[in-house]
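To start, the structure under review is shown below, and the notes come after it.
Treat the numbers as computed from the prediction; the structure is a model and nothing was measured.
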Amino acid sequence: MSEPTKDQKIWQVVAAIPLGQVASYGQIAAMAGLGRQARYIGRALGKLPAGHSIPWFRVIRSNGQIAFPEGSDAYETQVGRLKSEGVEVTNGRVPMRRFQWQP
């Protein structure tokens with residue numbers, strides 16, 4: 001069997017984030033063995049195939065901020081999905097101390 005691609009490693013880590021918790025882009029990069037390549041994480045999540053079940057919406061900035069522009073469809077989708085899982089989102093931010101995944 002072949003080694004997973006960089007994107008597949010990222011997707012595997014993101015798939016492991018538990019319901020009701022979030023992780024930062026940097027945290028995902030480190031856990032996927034990609035060091036400090038946090039900016040790549042968003043690109044990899046943007047390549048997810050149609051019909052996937054990977055919880056991309058659980059990945060946010062390290063300061064708790066939603067990365068999408070406020071008011072955009074992606075922003076509204078992410079906030080709505082996080083809130084439906086019980087994650088507190090106020091003014092586009094999640095309190096990381098309470099909701100950050102600690103594997």
Side-chain angles (χ1 to χ4, degrees):
M1 189 183 296
S2 64
E3 181 74 20
T5 66
K6 187 158 75 166
D7 290 348
Q8 289 169 333
K9 288 178 186 178
I10 291 165
W11 300 342
Q12 288 170 353
V13 173
V14 173
I17 303 170
L19 182 110
Q21 295 182 15
V22 297
S24 71
Y25 291 98
Q27 181 180 358
I28 298 301
M31 292 177 71
L34 303 174
R36 300 178 55 102
Q37 296 183 46
R39 290 186 178 184
Y40 185 80
I41 304 308
R43 288 192 289 275
L45 293 175
K47 297 178 192 175
L48 282 164
H52 69 84
S53 60
I54 295 175
W56 61 268
F57 57 90
R58 295 181 186 150
V59 182
I60 60 176
R61 292 181 176 159
S62 62
N63 65 359
Q65 186 177 14
I66 303 295
F68 295 108
E70 190 171 349
S72 67
D73 287 343
Y75 175 93
E76 297 300 331
T77 298
Q78 186 169 20
V79 169
R81 293 193 68 180
L82 288 171
K83 285 183 173 183
S84 75
E85 292 188 355
V87 175
E88 180 185 323
V89 183
T90 306
N91 297 322
R93 287 188 188 263
V94 172
M96 293 298 275
R97 287 187 179 173
R98 288 188 29 224
F99 294 99
Q100 186 170 19
W101 179 33
Q102 302 294 330

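Among all heavy-atom pairs drawn from Pro55 and Ala15, the shortest one is CD-CA, 3.8 Å. Between Ala29 and Ala38, the shortest heavy-atom distance links the atoms CB-N, 3.9 Å. Ser24 and Ser62 make their closest contact through CB-CA, 3.6 Å (heavy atoms, listed as atom of the first residue, atom of the second, distance). Shown here for Pro49 and Trp11, the closest heavy-atom pair between the two residues is CD-CH2, 4.0 Å.
Results of the side chain to side chain donor-acceptor pair (under 3.5 Å) test with Asp7 over Arg43, Gln12, Lys47 single out Lys47 as the only residue that passes.
Applying the 6.0 Å contact sphere to CG of Asn63 captures more than 12 heavy atoms from other residues, nucleotides or ligands.
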Donor-acceptor pairs under 3.5 angstrom involving side-chain atoms of residues 96-103: please list them, not counting sequence neighbours.
residue: Arg98; atom: NH1; partner: Glu88; partner atom: OE1; Å: 2.6
residue: Arg98; atom: NH2; partner: Glu88; partner atom: OE1; Å: 3.1
residue: Gln100; atom: NE2; partner: Gln27; partner atom: OE1; Å: 2.8

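In this structure, the side chains of Leu45 and Ile28 stay at 4.5 Å or more apart for every pair of heavy atoms.
For the side-chain hydrogen bond (donor to acceptor under 3.5 Å, both in side chains) condition, the pairs that include at least one residue of residues 73-87, sequence neighbours left out, are Arg58-Glu85.
For Arg93, there are no salt bridge (charged side-chain N to carboxylate O under 4.0 Å, His left out) partners, not counting sequence neighbours.
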> Could you walk me through whether Ile17 and Val14 pass the side chain to side chain contact (heavy atoms under 4.5 Å, CB included) check?
Replying inline: CA-CA 5 Å; Ile17 303 170; Val14 173; 4.2 Å; yes

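In this structure, the separation between CD on Gln8 and CD1 on Ile10 is 10.5 Å, given to the nearest 0.5 Å. With rounding to the nearest 0.5 Å, the separation of CG in Leu34 from OH in Tyr25 is 15.0 Å.
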